[in-house]
Student: 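Right, I'll just put the structure down here and ask away after.
Every value quoted in this text rests on a predicted model; they were computed, and no experiment measured them. Chain naming here is simple, since letters A, B, ... match the order of the sequence lines and numbering starts at 1 in each.
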Amino acid sequence: MTPEELAVVVRGALTDLAERGDMSVAVPDEVHIERPRNRDHGDYATNVALTLAKQAGIPPRELATALAEALAACEGIDSAEIAGPGFVNIRLDDAAQGELARGIVTAGSAYGTGNALAGRTVNVEFISANPTGPLHLGHTRWAAVGDAIARVLAAAGATVAKEFYINDRGVQMDKFGASVMAAAHGQPVPEDGYHGGYILDLAAEIIAAEPAILQLPEEEQLIAFREAAYGLQLRQQQSVLRIFHTEFDVWYSERTLHDSGAVVKGLDKLRGQGHVFELDGATWLRTTDFGDDKDRVLIKADGEYTYFASDTAYYVDKRDRGFDLCVYLLGADHHGYVNRLRAVAACAGDDMDDNVEVLIGQLVKIVRGGEEVKLSKRAGNIVTLEDLVDEVGVDAARYSLIRYPADSPLTLDLEVITQRTSDNPVFYVQYAHARVCSVLRNAEDLGIDWRNSDFDPAQLSHPREGELLGALGQFPRIVASAAELREPHRVARYLEDTATAYHRFYDACRVLPRGDEQLEPEHIARLWLCAATRQVIYNGLTMLGVSAPERM
RNA sequence: GCGCCCGUAGCUCAACGGAUAGAGCACUUGACUACGGAUCAAGAGGUUACAAGUUCGAAUCUUGUCGGGCGCACCA
């Protein structure tokens, strides 16, 4: 029995109480079932009596007592007891709990998915770096977490597109081009240019491919260098993200936004909504109508579009492409954009609480042996996504970034996550998966066909088996809450708990018959439990973009 | 000055208003003729920055104070 099924049972019991008329309780739509931290409190607990008592005018413990009596009589429930101020602690009978293993194995990769967000079409935009250098650690956090958010949203039933906005327009691109050109001529890079060592590499690569570029007139040459370097750098970003297992559905160029007329179209839409005005020769959007602290310029007095104009047009364009929720994942230094972007949605006639969502990721601080490693894209002394992957591997890098909520600052010690030991939780979880796979392989080698043997769920009566089943039953609600809250770290933490439950089970319960033992129903039941565990860990790791190795 | 985020074990961090605030690392002590010990068991470690409030109940919500990070362009 899953917690969701139990909630239905509890709700039914409450309905019975209400209909019998002893107690005038209004039966809530949702009954909160939780898994008590303390195992002495049973398999599950509900606080529903506490929440209903006041409004029903009944002391909580009295209501809880009546509910407990009703529940104890329900099928699949072994006992129900009141505790504390009015909790009802519920213990399932072994068969009802064990049946879960069959359900998970049958559901396969669908176990854990849901339909809470069915019908929502979501655009998740993240990273969106300038194509003027390698991706650094701030980008890397979102590369991992943003991708995981998208996967979790999809698991909750949403239709999701991952999008990368290429900031390939504006003065930063020109500075980038000028920097590469200077390097190509062996001259010092301009003061306000890009100084990383990669600039020299780009220059060398461009000259090698097209030596004649150095003979072009200066202005032409500048453009040629800029475009060549842009192409190379973008491909480098795309390649490293592919290695990182973060695949985008759409790479959207800011230039094409302008070239396609989308910017003009977006402006027209905003004008039609009546929030655009002229002042001092510039064209403004009155974002203060919707909570921004100042109005924003769309077209400067010199006739140039601002970056903000691109932003607004891009939002309108996303909505025109059919997305009903636009999620932006931004770095901490962009938190000033939150109100602005929400106001853009409102100015376009949308609901800024429903159509747009801006998440802010706090900074990642990197230390190496306790000493901070400074990051600076312009200075060149940077830790890049590629560096991190080279040092710790894709799985450890992704997992280390995903297992913490993105909205709190994070310190990673390279010396710690470089170690391929149990210091790093990803190995702990992957090891559990490999261990289950090993047991199932051994079963196969022994010729045990557990899938086609009778499965008696009541065999799973050991406390450690109950713990493991309880953990496995949590998975769907963990995924649902991770999606709802945009917090994939919940899945990672959950997997760690589940891995612990498996290791503890494994430690206490022999799965396979020893050499001279007969195959018993208990062995079969435990193999089903193993198979269910493998499925849950596999589904969870996959949701995080982390591999689930069968051997390590 | 205004605004956003954050203060939880020695360190890095969990805990969607619930019961005795939990993990990992580090520290102490046990369990290997191993279904994979990359594991398990036990111990020690806390005034959840501080103070008031809200309620059956607060690390969580409200207000204030202190401390830290970041942001406040006709830049991109």
Side-chain angles (χ1 to χ4, degrees), chain A residues 32 34 36-38 40-41 45 47 50-51 53-54 59-61 83-87 89 130 132 167 169-175 254 279-284 293-294 296-302 304 306-308 310 331-339 360-363 365 367 370 400 403-405 407-413 416-417 419-425 427-428 430-432 434-443 445-446 477 480-482 484-485 487 489-490 492-493 496-497 499-500 502-515 523 526 530 551-552:
Chain A
H32 187 69
E34 61 187 20
R37 222 170 295 182
N38 186 336
D40 295 338
H41 293 151
N47 63 350
L50 284 165
T51 60
K54 190 170 202 176
R61 283 183 64 95
F87 293 99
N89 294 335
N130 294 338
T132 56
N167 293 143
R169 194 171 170 280
V171 302
Q172 290 303 324
M173 290 301 291
D174 292 333
K175 288 179 181 173
E254 185 185 355
L279 180 70
D280 297 337
T283 302
W284 299 68
D293 50 6
K294 60 187 67 166
R296 305 292 169 177
V297 173
L298 291 164
I299 306 174
K300 296 189 274 185
D302 65 7
E304 283 289 310
T306 61
Y307 187 79
F308 179 67
S310 302
D333 54 344
H334 285 67
H335 72 243
Y337 283 51
V338 176
N339 285 335
I360 298 297
Q362 294 296 319
L363 301 179
K365 187 163 110 181
V367 297
S400 299
R403 78 184 285 265
Y404 305 103
D407 63 1
S408 64
L410 172 61
T411 303
L412 288 182
D413 191 327
V416 170
I417 64 171
Q419 294 167 10
R420 295 173 182 275
T421 70
S422 57
D423 291 4
N424 192 327
F427 292 106
Y428 182 80
Q430 289 183 319
Y431 175 63
R435 206 178 205 189
V436 187
C437 289
S438 171
V439 171
L440 293 169
R441 270 198 306 272
N442 291 345
D445 290 347
L446 291 172
R477 62 166 51 186
S481 71
E484 182 193 335
L485 301 168
E487 290 183 345
H489 78 272
R490 288 167 189 279
R493 299 289 172 157
E496 291 166 28
D497 291 344
T500 296
Y502 182 75
H503 289 312
R504 281 166 57 81
F505 153 76
Y506 181 89
D507 191 60
C509 302
R510 175 81 197 188
V511 178
L512 297 173
R514 294 173 205 269
H523 300 129
R526 286 177 173 169
C530 284
R551 302 172 197 268
M552 294 176 73

Student: How far does the C1' atom of C50(B) sit from the matching atom of G45(B), given to the nearest Å?
Tutor: 23 Å
Student: Does the structure show F87(A) stacking with A19(B), if we require the centres to be closer than 5.5 Å and the planes to be within less than 30 degrees of parallel?
Tutor: yes
Student: Just jot down the salt bridge (Lys or Arg N to Asp or Glu O under 4.0 Å) partners of R403(A), sequence neighbours excluded, or say none.
Tutor: E496(A)
Student: Hey, are D507(A) and R510(A) close enough for a salt bridge, meaning a charged N less than 4.0 Å from a carboxylate O?
Tutor: no
Student: Quick one: label P513(A) by what it contacts on the DNA or RNA (base, sugar-phosphate, nothing), any heavy atom closer than 4.0 Å.
Tutor: nothing
Student: Identify whether any heavy atom of A443(A) sits under 4.0 Å from a base atom; if not, whether one sits that close to sugar-phosphate; answer base, sugar-phosphate or nothing.
Tutor: nothing
Student: P atom, C4(B) versus G10(B): distance in rounded Å?
Tutor: 31 Å
Student: Measuring only the P atom in each nucleotide, how far is A59(B) from A19(B)? A whole number of Å is fine.
Tutor: 9 Å
Student: Partners of R493(A) by salt bridge (Lys or Arg N to Asp or Glu O under 4.0 Å), sequence neighbours excluded?
Tutor: none
Student: Regarding D445(A), tell me which of base, sugar-phosphate or nothing describes its non-hydrogen contacts under 4.0 Å with the strands shown.
Tutor: nothing
Student: Give me the distance, rounded to whole Å, that separates A9(B) from U47(B) when you measure between the C1' atoms they each carry.
Tutor: 13 Å
Student: Just call it for L50(A): base, sugar-phosphate, or nothing, with non-hydrogen atoms closer than 4.0 Å on any strand.
Tutor: base
Student: Reading 5' to 3' and counting Watson-Crick or G-U wobble pairs with both distances under 3.5 Å, write the dot-bracket notation for RNA chain B, | for bases paired outside the strand.
Tutor: (((((((..((((....[...)))).(((((.......))))).....(((((..]....))))))))))))....
Student: Rounding to the closest angstrom, what is the interatomic distance between A42(B) and G64(B) at atom C1'?
Tutor: 45 Å
Student: Does R493(A) put a side-chain nitrogen or oxygen below 4.0 Å from OP1 or OP2 of A15(B)?
Tutor: no
Student: Using a 4.0 Å heavy-atom cut-off, write out nucleotides 66-76 of chain B from 5' to 3' as B (base contacted by protein), S (sugar-phosphate only) or - (no contact).
Tutor: ----BSSSBBB
Student: Taking OP1 and OP2 of G36(B), is either one under 4.0 Å from a side-chain nitrogen or oxygen of N442(A)?
Tutor: yes
Student: Would you measure the distance from the C1' atom in G7(B) across to the matching atom in U60(B) and give it in whole Å?
Tutor: 14 Å
Student: Go along nucleotides 57-62 of chain B 5' to 3' and tag each nucleotide: B for a protein heavy atom under 4.0 Å from its base, S when only backbone or sugar atoms are that close, - otherwise.
Tutor: ------
Student: Under 6.0 Å between ring centres, would you say that holds for Y431(A) and Y428(A)?
Tutor: no
Student: The criterion is side chain to side chain donor-acceptor pair (under 3.5 Å); which residues satisfy it with D174(A), sequence neighbours excluded?
Tutor: R226(A)
